[in-house]
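All of these numbers come straight from a predicted model, not from anything done at the bench.
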Amino acid sequence: MSEVFDGYERQYCQLSANLSWKCSSAALLDGEQKKQKMSEIKSGLDDADDLIRKMDLDARSLQPSVKGRLLAKLREYKFDLNNLKAEFKQMTSGGSNQSARDELLESGMADTYMVSTDQRGRLLMSTERLNQSSDRIKESRRTMLETEELGVSILQDLHQQRQSLLHANNTLHGVDDNIGKSRKILTAMSRRMSRNKWIIGSIIAVLILAIILILYFKLSH
């Protein structure tokens, strides 16, 4: 379904119901008040014609599966608009409301008039359903925006946690490098200590051997 068509449809349904009410109220007026009301009706009919044309253009630009359904609805709206125009024409042709009704009956338009009334009733119901659908769409959009904000907040938290993990990982790498360096230093010190032990041991052995030789020569003489 086209959102553009839905918007035009909602406007037309509201305009049609408003024009129907104005036609009924204009029949009870006379003088300048009736002229003013008739002028408002004429302007409203022009607006309705414009909305019908816009709906027709939008419907014909859609895919065939959607276009057929919208054009069927559009035929109902055109029929309703023609009934409104006929009712307006009867009012502008002169005579009282009763004589206009009699003329409609004489010309075989009574059934059309009743169908028009029923059609406008359906249009009012359609307007109410459209308004309810619009409210549901607004609520869905509000929920979607709240969900989007929650998602953004979660992503920000995850990003901060990722930065913390990266920082901790870098710190661990630094500690690991320091441990590796310390291990190398300890290994080198251990090797030096082992080498010093052998050197000290060798010196002690030489000294002991020298003492033994000295004692031997002294005792032998």
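- Distance alone, capped at 3.5 Å, is enough to place a donor-acceptor pair between the Ser202 side chain and the Trp198 backbone.
- In terms of heavy atoms, Lys67 sits closest to Ala59 at CG-O, 3.1 Å.
- Residue Ile208 is grouped with residue Ile200 when hydrophobic side chains (ILVMFWY) are merged at heavy-atom distances under 4.5 angstrom, including chains of intermediate members.
- Going from atom CE of Met91 over to atom NZ of Lys22 covers 12.0 Å, rounded to the nearest 0.5 Å.
- With values rounded to the nearest 0.5 angstrom, Leu71 atom CG is found 7.5 Å from Lys78 atom NZ.
- Going from atom CG of Leu45 over to atom NZ of Lys89 covers 13.0 Å, rounded to the nearest 0.5 Å.
- When all heavy atoms of Leu15 and Ala48 are compared, the pair lying nearest together is CD2-N, 3.4 Å.
- Asp49 places a side-chain heavy atom less than 4.5 Å from the side chain of Lys85.
- Separation of atoms OG (Ser24) and CG (Leu19) is listed at 11.0 Å; rounding is to 0.5 Å.
- Taking 4.0 Å as the cut-off between side-chain N and carboxylate O, Arg53 and Asp56 do not count as a salt-bridged pair.
- The closest donor-acceptor contact from the side chain of Thr92 to the backbone of Phe88 lies under 3.5 Å.
- To the nearest 0.5 angstrom, Ile41 atom CD1 is 9.0 Å from Leu84 atom CG.
- Remark: side-chain polar atoms of Tyr77 are not paired, donor with acceptor, to backbone N or O of Tyr12 under 3.5 angstrom.
- In terms of hydrophobic clustering, with Ile, Leu, Val, Met, Phe, Trp and Tyr side chains grouped at heavy-atom distances under 4.5 Å, Leu51 and Trp21 are assigned to different clusters.
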**Message:** With side-chain contact (heavy atoms from CB on, under 4.5 Å) as the criterion, how do Leu165 and Asn169 come out once you've worked through the C-alpha distance, each side chain's angles and the decisive distance to 0.1 Å?
**Reply:** CA-CA 6 Å; Leu165 290 173; Asn169 188 42; over 6 Å; no
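- Of the possible donor and acceptor atoms, one in the side chain of Asn196 sits under 3.5 Å from a partner among the backbone N and O of Arg192.
- No side-chain donor-acceptor contact under 3.5 Å links Ser39 to the backbone of Lys35.
- Distance alone, capped at 3.5 Å, is enough to place a donor-acceptor pair between the Ser182 side chain and the Asn178 backbone.
- Formation of a donor-acceptor pair under 3.5 Å by the Asn170 side chain with backbone atoms of Leu166 is found in this model.
- Here the side chain of Thr187 pairs a donor or acceptor atom with the backbone of Arg183 at under 3.5 angstrom.
- To the nearest 0.5 angstrom, Asp177 atom CG is 11.0 Å from Leu172 atom CG.
- Residue Glu40 qualifies as enclosed at atom CD: its count of foreign heavy atoms under 6.0 Å is above 12.
- At least one side-chain heavy atom of Met38 sits less than 4.5 Å from a side-chain heavy atom of Lys34.
- Between Lys42 and Asp46 there is a salt bridge, since at least one side-chain N of the basic residue sits less than 4.0 Å from a carboxylate O of the acidic one.
- Note: the hydrophobic cluster containing Leu158 also contains Leu150 (ILVMFWY, side chain heavy atoms under 4.5 Å, direct or indirect links).
- For Gln163, the CD atom sits in a packed shell: over 12 heavy atoms of surrounding residues, nucleotides or ligands are nearer than 6.0 Å.
- Between Lys54 and Asp50 there is a salt bridge, since a side-chain N of the basic residue sits under 4.0 Å from a carboxylate O of the acidic one.
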